[in-house]
Amino acid sequence: RDANGAANNVINLDHDAVYFLKANYKISGSSTSTGSFGRLQITDTLLYDNAILDVGRSAVADPTILIDSATGGDPQLHFDTGQANRNALIKFLDQGTNIGFINYVHNGDKMNFGAGSSTAVRMTVSEALIEFPTANVKVSGSATSTGSFGALHIPGRVGIGTTSQNSNLTIQTTANS
């Protein structure tokens, strides 16, 4: 927007230059400014790979997006869809190859996590439970672990093979077990 708030293009960004379309426009209104901005609004012009914002491209070794609350507030990153029942996805890539993801699935209200080159969901977190839908996924961080624990503390009663516990520990067996 221009200085009067009208929706007029006053600046063009090219692959190697910045052009002001009118005289006396500045990057910052302050003569002592470091070039900081209160807000950056990007239109829907697509860049490389159908992205609207591309940080670093291949010219920066460690591109970083910093959300800094210098006044003690709570930094936030919001994903807001334009329609109901849409997903929010964060992908992790290694030279263009998928190496992990976090996907909020609105239809089911669950968060799916994946790791490695597979696109399979390794862990799902919902309001009611945590699931490991892929075979042979271990809870322990050890590559050789069987998922055993040193101690297990459960308040209330425990049932194995039954949901009708009549004592602190109930083990129900069948004829085939």
Side-chain angles (χ1 to χ4, degrees), residues 1 7 13 15 36-165 169-172 174 177:
R1 298 203 175 262
L13 303 175
H15 68 281
S36 60
F37 298 90
R39 177 179 176 166
L40 173 64
Q41 184 171 346
I42 301 172
T43 63
D44 59 359
T45 302
L46 297 178
L47 300 173
Y48 307 101
D49 304 324
N50 292 324
I52 292 175
L53 175 63
D54 187 341
V55 177
R57 197 53 183 161
S58 20
V60 179
D62 296 315
T64 302
I65 296 175
L66 172 64
I67 302 173
D68 184 7
S69 175
T71 60
D74 298 320
Q76 299 178 26
L77 178 61
H78 294 219
F79 294 89
D80 187 4
T81 64
Q83 294 179 340
N85 294 320
R86 303 298 298 177
N87 298 346
L89 176 64
I90 300 173
K91 284 186 173 184
F92 302 92
L93 305 174
D94 188 359
Q95 297 180 356
T97 302
N98 182 49
I99 59 168
F101 62 89
I102 301 171
N103 185 9
Y104 176 77
V105 181
H106 188 331
N107 187 8
D109 288 330
K110 59 187 176 184
M111 189 82 68
N112 290 332
F113 295 85
S117 60
S118 171
T119 57
V121 174
R122 301 299 187 195
M123 182 174 75
T124 298
V125 178
S126 69
E127 186 175 336
L129 54 100
I130 297 174
E131 294 179 281
F132 298 94
T134 308
N136 300 318
V137 175
K138 297 176 176 60
V139 173
S140 173
S142 171
T144 59
S145 173
T146 59
S148 60
F149 298 91
L152 179 63
H153 300 276
I154 301 174
R157 297 180 176 188
V158 176
I160 299 174
T162 182
T163 57
S164 303
Q165 302 89 326
L169 175 61
T170 302
I171 300 174
Q172 179 71 40
T174 62
S177 61

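All residue numbers refer to positions in the sequence shown, counting from 1. FYI, side chains are in, hydrogens and waters are out, and symmetry mates aren't considered; it's all heavy atoms of this structure. Since this is a predicted model, take the numbers as computed values, not measurements.
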> Taking it one step at a time, do Ile102 and Tyr104 satisfy side-chain contact (heavy atoms from CB on, under 4.5 Å)?
Replying inline: CA-CA 7 Å; Ile102 301 171; Tyr104 176 77; over 6 Å; no
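- Within the model, atoms CG of Asn112 and CG of Leu89 stand 10.0 Å from one another, a figure rounded to the nearest 0.5 Å.
- For the pairing with Ile130, the side-chain contact (heavy atoms from CB on, under 4.5 Å) check across Met123, Met111, Lys110 returns one residue only, Met123.
- In terms of heavy-atom proximity, Arg86 sits nearest to Thr81 at CB-CG2, 3.3 Å.
- Residue Arg157 qualifies as enclosed at atom CZ: its count of foreign heavy atoms under 6.0 Å is above 12.
- With hydrogens and angles disregarded, a donor-acceptor distance shorter than 3.5 Å links the side chain of Thr134 to the backbone of Val121.
- Closest approach of Ile99 and Asp94 over heavy atoms only: CG2-CB, 3.6 Å.
- Separating the CG atom in Leu129 from the OG1 atom in Thr124 is a distance of 8.5 Å, to the nearest 0.5 Å.
- Interatomic distance, CG of Leu77 versus CD1 of Ile90, reported as 6.5 Å (0.5 Å rounding).
- The two atoms that bring Asn98 and Thr119 nearest to each other are ND2-CG2, 3.8 Å, heavy atoms only.
- Expressed to the nearest 0.5 Å, how far CD of Glu131 lies from OG of Ser126 amounts to 6.5 Å.
- Residue Ala88 comes nearest to Asn103 through the heavy atom pair O-OD1, 3.2 Å, listed as atom of the first residue, atom of the second, then distance.
- Taking both residues in full, the closest heavy atoms of Arg122 and Pro133 are given as O-CD, 3.7 Å, listed atom of the first, atom of the second, then distance.
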